[in-house]
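One structure is given below, encoded as structure tokens.
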Protein chains: 2
Amino acid sequence: MSENRFSTRPLYLQLREALLERIAAGQWKAGNAIPNEADLARDFGVSPGTMRKALDLLEAQRVLTRRQGRGTFINDQNSAEMAQRYNKLRGPDGRPVVVEPEVGPIGEAAATEQEVRRLGLEPQARVYRFTRTYFREHRAFMMDEVVVPAAIFPGLEKQREVATDVVTLAQRYGLLTGSAAERITTGPADAIRAGIFNVAPGAPLLNFDRVVFELNGLPLEWRLGYCHLSSGYYLAALG
Amino acid sequence: MSENRFSTRPLYLQLREALLERIAAGQWKAGNAIPNEADLARDFGVSPGTMRKALDLLEAQRVLTRRQGRGTFINDQNSAEMAQRYNKLRGPDGRPVVVEPEVGPIGEAAATEQEVRRLGLEPQARVYRFTRTYFREHRAFMMDEVVVPAAIFPGLEKQREVATDVVTLAQRYGLLTGSAAERITTGPADAIRAGIFNVAPGAPLLNFDRVVFELNGLPLEWRLGYCHLSSGYYLAALG
DNA sequence: AAGTGGTCTAGACCACTCA
DNA sequence: GAGTGGTCTAGACCACTTG
């Protein structure tokens with residue numbers, strides 16, 4: 001840390017980055033405990049209070065979990081809980097609807113103007129496009145049209161099994177997901193989707209338009225979703 | 001604070017309560033600055049770091065706003081920004097849709113079983129019920145069916161002008177709103193609502209089911225909303 | 001009993017705002 | 001330049017978990 005002492009950025013933010021680098025480098029493995037905060041503070045040559053502030057930040061960002069009496073653990077991004085963190089669909093009983101999509105073929109193309117805007121890309125940047133179809137009891141009830149920057153996920157077309165959700169996808173490329181913004185509208189099912197979902201044309205669907213960002217704000221995925229929610233609901237938590 | 005020193009509750013949480021009491025008592029007025037954190041710490045006989053933790057908590061809960069170099073201010077719950085804090089409707093341009101509802105007559109009755117469950121009431125508890133209708137360019141586009149516990153808002157039937165939103169309502173009764181949970185579904189407009197919104201029967205509506213809680217978790221309002229969103233969207237922020 | 005994170009203390013110095 | 005919140009230090013003690 002000492003070489004950064006004269007930086008204008010708060011020390012605890014620099015510590016956060018340094019800790020993230022150690023995680024990305026694989027020095028600490030998911031699910032395992034990292035050293036206690038006193039040792040970490042000594043390692044980095046900072047006061048325990050400052051180290052604590054960095055660790056608390058990473059816990060708020062769902063990178064770490066701290067448990068009194070036990071230790072500080074790196075969250076496993078492959079766990080069901082983490083992989084489904086952006087899934088807000090709930091059944092009639094209020095429990096998460098576990099979704100296991102089927103991923104369609106992955107194509108590569110130049111980004112449209114809208115994709116450039118939503119994903120913060122350079123004009124003509126390359127993107128991968130694919131669809132996901134979600135089933136429940138062998139019936140499709142949701143489908144996604146997904147766009148991701150090719151520069152961030154090189155070689156994705158050979159990695160279809162990794163594209164089931166953006167958390168798993170990011171993790172495979174050494175990235176951690178942060179916040180996301182979802183725009184929700186409703187509209188009638190067109191003929192194609194009515195067929196896929198086995199509902200009458202014109203039946204109301206929930207439509208989603210979501211961008212998921214990396215921890216530092218880099219856009220990772222833009223998704224348009226169409227959902228036939230026969231029972232249950234979408235759960236939004238308001239601050 | 002000293003009489004509470006032996007309580008098992010963390011000191012900074014007790015400080016938070018004490019500060020809230022001073023605000024509720026009107027000792028400090030909305031929009032005004034409160035004493036600086038060093039003075040407050042001396043007043044309450046605690047260390048500055050502990051007082052800071054309490055103040056930071058209240059800022060996160062939108063009770064205070066802290067500004068470096070200026071001071072710590074009590075948020076004005078009557079401000080447009082605060083009153084609309086649970087309104088997640090956005091126009092095509094992404095800006096909040098300002099809504100000014102018309103409040104219908106307020107009736108009193110015994111709570112239904114469902115109302116008892118959603119609002120955490122005793123069986124047979126009294127509730128107030130009323131509707132809100134939202135207009136844009138002289139056309140209705142949303143309506144709410146609202147239920148609130150009569151015990152929390154006594155005399156509300158004579159206070160219709162205060163029931164435009166739950167933040168204003170709570171403020172008038174000396175309460176501060178905290179978190180809320182909104183369940184979103186979609187469904188076809190029935191004949192009545194199709195008429196009110198001037199759309200075809202069966203047209204897709206966004207349906208909301210929201211409970212807003214007081215800062216300490218007490219349920220304040222249960223609302224069923226029906227919305228014809230011709231343009232724009234509902235914005236959900238995902239952690 | 002040993003080890004962990006959670007709370008709390010009592011300061012110092014810095015960055016920002018405003019008269 | 002005076003006053004504010006933001007950062008940082010260097011500890012102490014407590015509550016909780018585990019061997």
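Excluded from the calculations below are hydrogen atoms, water molecules and symmetry mates; all remaining heavy atoms, backbone and side chain alike, are included. Reminder, nothing fancy here: chain letters follow the sequence lines and each chain counts from 1.
Nearest-nucleotide assignment on DNA chain D puts the 5′-proximal partner with B/D39, out of A/Q68 and B/D39.
Across all strands, B/R52 comes closer than 4.0 Å to base atoms (heavy-atom distances).
Within the cation-pi definition used here (under 6.0 Å to the ring centroid, within 45° of the axis), B/K53 qualifies as a partner of B/Y12. For the pair B/R67 and B/F73, the cation-pi test (distance below 6.0 Å, angle within 45°) is passed.
Between B/S47 and C/dA10, a side-chain N or O to OP1/OP2 separation shorter than 4.0 Å is absent. A close approach under 4.0 Å does occur between a side-chain nitrogen or oxygen of B/Y12 and OP1 or OP2 of C/dT7. OP1 or OP2 of D/dT18 sits under 4.0 Å from a side-chain N or O of A/R70. Put simply, B/R66 has no side-chain N or O that comes within less than 4.0 Å of OP1 or OP2 on D/dT4. Distances shorter than 4.0 Å separate none of the side-chain N or O atoms of A/K53 from OP1 or OP2 on D/dC8.
Heavy atoms from other residues, nucleotides or ligands lying under 6.0 Å from CD of A/E161 number more than 12.
With rounding to whole Å, B/L64 atom CG is found 16 Å from D/dT4 atom P. Put simply, CG on B/L40 is 10 Å from P on D/dT4, counting in whole angstrom units. In this structure, A/R67 places its CZ atom 15 Å from C1' of C/dG3, rounding to the nearest Å. Atom CG in B/L57 sits roughly 15 Å away from atom P in C/dG6 (whole-Å rounding). Separating the CZ atom of A/F73 from the C1' atom of C/dG3 is a distance of 12 Å, rounded to the nearest angstrom. Here C/dT4 presents its C1' atom at 13 Å from CG of A/L55, a figure rounded to the nearest Å. Rounded to an integer number of Å, the gap from CD of B/E37 to P of C/dC14 is 17 Å. At whole-Å resolution of the value, CZ in B/R16 and P in C/dT7 are 14 Å apart.
For A/K88 and A/E182, the salt-bridge test fails: no basic side-chain N is under 4.0 Å from an acidic carboxylate O.
You'll find that the side chain of B/P10 is closest to C/dC8, out of D/dA15, D/dA10, C/dC8. Among C/dC8, D/dT9, D/dG6, the nucleotide with an atom closest to any side-chain atom of B/L11 is C/dC8. Nearest nucleotide to the B/N36 side chain, out of D/dG6, D/dT4, C/dG5: D/dT4.
Residues satisfying the side-chain contact (heavy atoms from CB on, under 4.5 Å) test with A/N207, not counting sequence neighbours, are A/T185, A/L205, A/Y226.
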